[in-house]
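So the structure is just underneath, and the comments pick up after that.
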Amino acid sequence: MATAEPETNPSPTNPDVEDGAEETGQEIVSPEAYIKHPLQNRWSLWFFKNDKSKTWQANLRLISKFDTVEDFWALYNHIQVSSQLMSGCDYSLFKDGIEPMWEDEKNKRGGRWLITLTKQQRRSDLDRFWLETHFFLSYHQLLCLVGEAFDDYSDDVCGAVVNVRTKGDKIAVWTSDYENRDAVTHIGRVYKERLGLPMKMTIGYQSHADTATKSGSTTKNKFVV
């Protein structure tokens, strides 16, 4: 990356300084142009590929970590979008120090807001929804400026997962405590609004404990928004 000197004001006694800078072809850049913008948390992006010859843990791989807006975009622009992944693959975006599994200490008492997409939505909505989920998670500090932050519930957000599946893809936002009704419902409402989902469309919240022990094909929702 080319370096640039901080912006300076020309001396009143040297009116030709500005013209001289133009003649040398140097561009004066403000320091703000190359200072990175920090996020409130450090985030880890994980990738899961369903290789049946390996254990679940062996199939899970940490891709990278980031804690600035610029590093997020550098990572996002150099990985395959979700809609191009093979069936059975996942991306997981979690706060640094939290692994994308139910058994993690930060997750085991939690649950997830789940969105299930149709096959047709893979082309029209999957990548957009997953990108908006990135914003929803890692940019919440910046979103405070427009009143869309989690207020007092930022610590309750653990991460998010996108599952690419033949029958229908899924995106879920994980929280740390399913019994914290105020936090769970607030996060769900803000997330639904962030994705631009219609008011008449409902999304459900399921605890990981219920998901792990479900007896039927679906898990009962603890909350809906």
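One is the number of the first residue; the rest follow in order along the sequence. The shown structure was predicted, so the numbers you read here are calculated from the model rather than taken from an experiment.
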Nearest non-hydrogen partners of [X] and [Y], listed with the distance:
| X | Y | answer |
| --- | --- | --- |
| T185 | V225 | O-CG1, 4.1 Å |
| A183 | Y153 | CB-CD2, 3.4 Å |
| S44 | K65 | OG-CG, 3.4 Å |
| I115 | L195 | CD1-CD1, 3.1 Å |
| L60 | M101 | CD2-CE, 4.0 Å |
| E99 | N107 | O-ND2, 2.9 Å |

Could you see if [X] belongs to whatever hydrophobic cluster contains [Y]? Use Ile, Leu, Val, Met, Phe, Trp, Tyr and a side-chain cutoff under 4.5 Å.
| X | Y | result |
| --- | --- | --- |
| W56 | V162 | no |
| Y91 | L93 | yes |
| I187 | V224 | no |
| L62 | F48 | yes |
| F47 | F94 | no |

> After noting the C-alpha distance and the side-chain angles of V190 and E193, does the key distance pass the side chain to side chain contact (heavy atoms under 4.5 Å, CB included) rule?
Replying inline: CA-CA 5 Å; V190 176; E193 182 179 349; 5.6 Å; no
Rounded to the nearest 0.5 Å, what separation is found between the [atom1] atom of [X] and the [atom2] atom of [Y]?
| X | Y | atom1 | atom2 | value |
| --- | --- | --- | --- | --- |
| Q80 | D127 | CD | CG | 10.0 Å |
| K167 | K119 | NZ | NZ | 9.0 Å |
| Q57 | N59 | CD | CG | 9.0 Å |
| L114 | T211 | CG | OG1 | 8.0 Å |
| L131 | L126 | CG | CG | 11.0 Å |
| D125 | S83 | CG | OG | 11.0 Å |

>> The test is side chain to side chain contact (heavy atoms under 4.5 Å, CB included); show your working for L75 and I79 and say whether it passes.
In response: CA-CA 7 Å; L75 174 61; I79 61 173; 4.0 Å; yes
> Looking at side-chain heavy atoms only, is the closest gap between H208 and K108 below 4.5 Å?
Replying inline: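 Not touching, per the 4.5 Å side-chain cut-off.
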Ignoring hydrogens and geometry, is there a side-chain-to-backbone donor-acceptor pair from [X] to [Y] under 3.5 Å?
| X | Y | result |
| --- | --- | --- |
| K192 | M199 | yes |
| R122 | R165 | yes |
| S87 | T166 | yes |
| D169 | L117 | no |
| K95 | N41 | no |
| Q121 | T118 | yes |
| H78 | A74 | yes |

> For M86, what are the other residues in its hydrophobic cluster, where any two members join if their side-chain heavy atoms are less than 4.5 angstrom apart?
Replying inline: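 Other cluster members: none.
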> Do D156 and N180 have side-chain N/O donor and acceptor atoms under 3.5 Å apart?
Replying inline: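 Per modelled atom types, D156 and N180 side chains form a pair under 3.5 Å.
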> Does a donor on one side chain sit under 3.5 Å from an acceptor on the other, for N163 and D90?
Replying inline: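 Yes, D90 and N163 have a side-chain donor paired with an acceptor closer than 3.5 Å.
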Donor-acceptor contacts under 3.5 Å from residues 170-179 side chains, at least two apart:
residue	atom	partner	partner atom	Å
T175	OG1	Y205	OH	2.6
D177	OD1	E179	N	3.0
E179	OE1	R109	NH2	3.0

>> Pair L39, F66 - check side chain to side chain contact (heavy atoms under 4.5 Å, CB included), show working.
In response: CA-CA 9 Å; L39 299 169; F66 62 88; 3.8 Å; yes
> Thinking salt bridges, do D210 and K222 make one under a 4.0 Å N-O criterion?
Replying inline: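 Salt bridge flag = yes for K222 with D210.
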>> Under 4.0 Å between a side-chain nitrogen and a carboxylate oxygen: does that hold for E70 and K36?
In response: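 No.
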> Picking from F136, F129, F135, what satisfies ring pair (Phe, Tyr, Trp, His ring centres under 6.0 Å) with Y191?
Replying inline: F136
> Hey, do the aromatic rings of F72 and W43 have their centres closer than 6.0 Å?
Replying inline: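 No, they do not, as the ring centres are separated by 6.0 Å or more.
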>> Does W113 form a ring-ring contact (aromatic ring centres under 6.0 Å, His included) with F223? I'd like the steps, not just the answer.
In response: CA-CA 9 Å; W113 283 106; F223 309 105; 7.0 Å; no
> What's the verdict on side chain to side chain contact (heavy atoms under 4.5 Å, CB included) for L45 and S64, showing C-alpha distance, side-chain angles and the deciding distance?
Replying inline: CA-CA 6 Å; L45 183 66; S64 187; 5.5 Å; no
